[in-house]
Amino acid sequence: MPGGKTYICSPLDSIWPPVIQTWILGFPCDSSRKTAIFNALRAGLAKTIEQKPFLAGRLTVNNAQLQLTYRRLDKTPVPLSLNDLTDRPSVWRPSFEQLRREGMPVRHLSPRVLEPAGYETLAAAPVMAQANFIPGGCLLTICYNHGFGDGPPQVSLIQSWADNCKDISDQGVDILTASPAAMISENPNEADSDALKLPSVLSEDLVSSDSRKEEIIKNDPVLWQLLGLQKPVAGVTQGRPTRPSMHNRVTAVFVASDEAIARLKSSSEVSGSGDTNSEISSFDAEAALLWRCIMRARYDNLKLAGSVRSRLRVPVGLRKTLGISRDFPGNVFMNSVAEMPLDALVADTDGRQISPLIRRAIYAARDADRARDAIQLARRLPEPSSRRPFFSSTIGEDLVLTTWREFPFYKQNWGRVLGSTEHMQFVRFPEGHRPGMCAMLPRRGNGEVEVLIDMEKEQLRKLADDVEFKQYFELRSA
């Protein structure tokens, strides 16, 4: 990129090839006004990129390190495309109202239809988006490169975009009837262009002069676990994980009320403990319930002996622990892992043993010294083809649970251009986004907690019929 700046991403950004985090935000709107709505969305995103010019950069991998090249903006295309599905029955049929009545089922949200590009193109960009207009609404797809940033910068981008769209709406309708330039032409000042820098905790090599410390770090299995990796074993060839077949799988959305979550937390609490580190949160109680109930639904398929252990992996943000700003556009998380015998897990009925186990694992993952050592290990990993994920499968005895529950998507005001509500009505991931995984979606405005779960159809039936599970969660869509 002529005249561009090159930013070398942190060791935590370069562990894996880029994973694309795709958000689908559902807005009810008058789809006959799609041109005006698209113009406002494009102008809002253009303003956001003027504020964060690195979002218009290009990502490449050089010597196993992810790097971003970006420059001062000058006729830069806005990474937003328009997809009109309002009169294409061979490609799209349901109206927004039909989707709303059905609970926005993920089965309708095909990435082939709703995403702006294929993987290779998305992997080279920090962000790309597509406004998909359907009868009575807009499904705004935002593809953020997770290799470049975790949850907080993704939320920051979407919040800034919403704020800028609202500002444009507040200016009056004139801007909505005009067609803004498809290019970003405003040049931010030089200080803004130079703003992308690694925090010292992610940039400094602290052990290169201490060979003993370096060997200790490279041989500590806990540090590999924190990075989500298997520690290599000499003489053992670790198999590559295979992507599960999507045949006979379904991605369902379950919902629990605020009151149900309060009951769940109360039933999971352990009385008489004076250890503040063992005080469980609502998340701990939800995670314990999901772990044991999903494993019950999978249990008959596992056909394993009772000595088999089940593990729960939860990504844990470390920005506060390491003193890193929420505005820093990079990955700052480690992986907590809780483990217990599979038979004991599925036999548990109240979570009073499991919830504290999850809480202790999360506290361990937040240990600042351990995290700093794991960052140093990330600088010394073997070449990418030799790396193996900590879980070789996400559809067996192990479960990955991600959480976005506290991110304020439903509070974001996008302005009246996107409809009278000015807010999104649904947040979803596309069909097949994370086979076998479980994700807590952003909490809705009424306090409801939605959980997205990918399972085999028969397993889903067992989960929906689980006596304990349905005390708290009910099926919203499948």
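Computed over heavy atoms, backbone and side chain alike; hydrogens, waters and symmetry mates excluded. FYI, the numbering just counts along the sequence from 1.
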Side chains of [X] and [Y]: donor-acceptor distance under 3.5 Å anywhere?
| X | Y | answer |
| --- | --- | --- |
| Glu431 | Thr251 | no |
| Asp163 | Gln159 | yes |
| Thr48 | Asn164 | yes |
| Lys52 | Ser156 | yes |
| Asp150 | Asn331 | no |

### Task
May I ask you to say whether Arg370 pairs ionically with Asp373, meaning some side-chain N is under 4.0 Å from a carboxylate O?
no
### Query
Thinking salt bridges, do Asp454 and Arg434 make one under a 4.0 Å N-O criterion?
no
Is [X] reaching over with its side chain to a backbone N or O of [Y], donor-acceptor style, under 3.5 angstrom?
| X | Y | answer |
| --- | --- | --- |
| Asp220 | Ile216 | no |
| Arg476 | Val253 | no |
| Ser355 | Ile280 | no |
| Trp224 | Asn219 | no |
| Trp291 | Leu401 | no |
| Ser310 | Glu397 | yes |
| Glu450 | Phe254 | no |
| Arg319 | Phe328 | yes |

Note, [X] side chain near [Y] side chain (heavy atom, < 4.5 Å):
| X | Y | answer |
| --- | --- | --- |
| Leu289 | Glu286 | no |
| Trp23 | Phe409 | yes |
| Asp170 | Ile168 | no |
| Arg388 | Leu229 | no |
| Asp398 | Phe391 | yes |
| Trp404 | Val427 | no |
| Glu406 | Arg443 | yes |
| Leu342 | Tyr299 | yes |

### Task
Show your working on side chain to side chain contact (heavy atoms under 4.5 Å, CB included) between Asp350 and Ser268 and close with a plain yes or no.
CA-CA 6 Å; Asp350 60 20; Ser268 304; over 6 Å; no
### Task
Apply ring pair (Phe, Tyr, Trp, His ring centres under 6.0 Å) to Phe473 and list each qualifying residue two or more places apart in sequence or on a separate chain.
Phe469
Heavy-atom count check: over 12 atoms from other residues, nucleotides or ligands less than 6.0 Å from [X] [atom1]?
| X | atom1 | value |
| --- | --- | --- |
| Asn63 | CG | no |
| Gln353 | CD | no |
| Lys470 | NZ | yes |

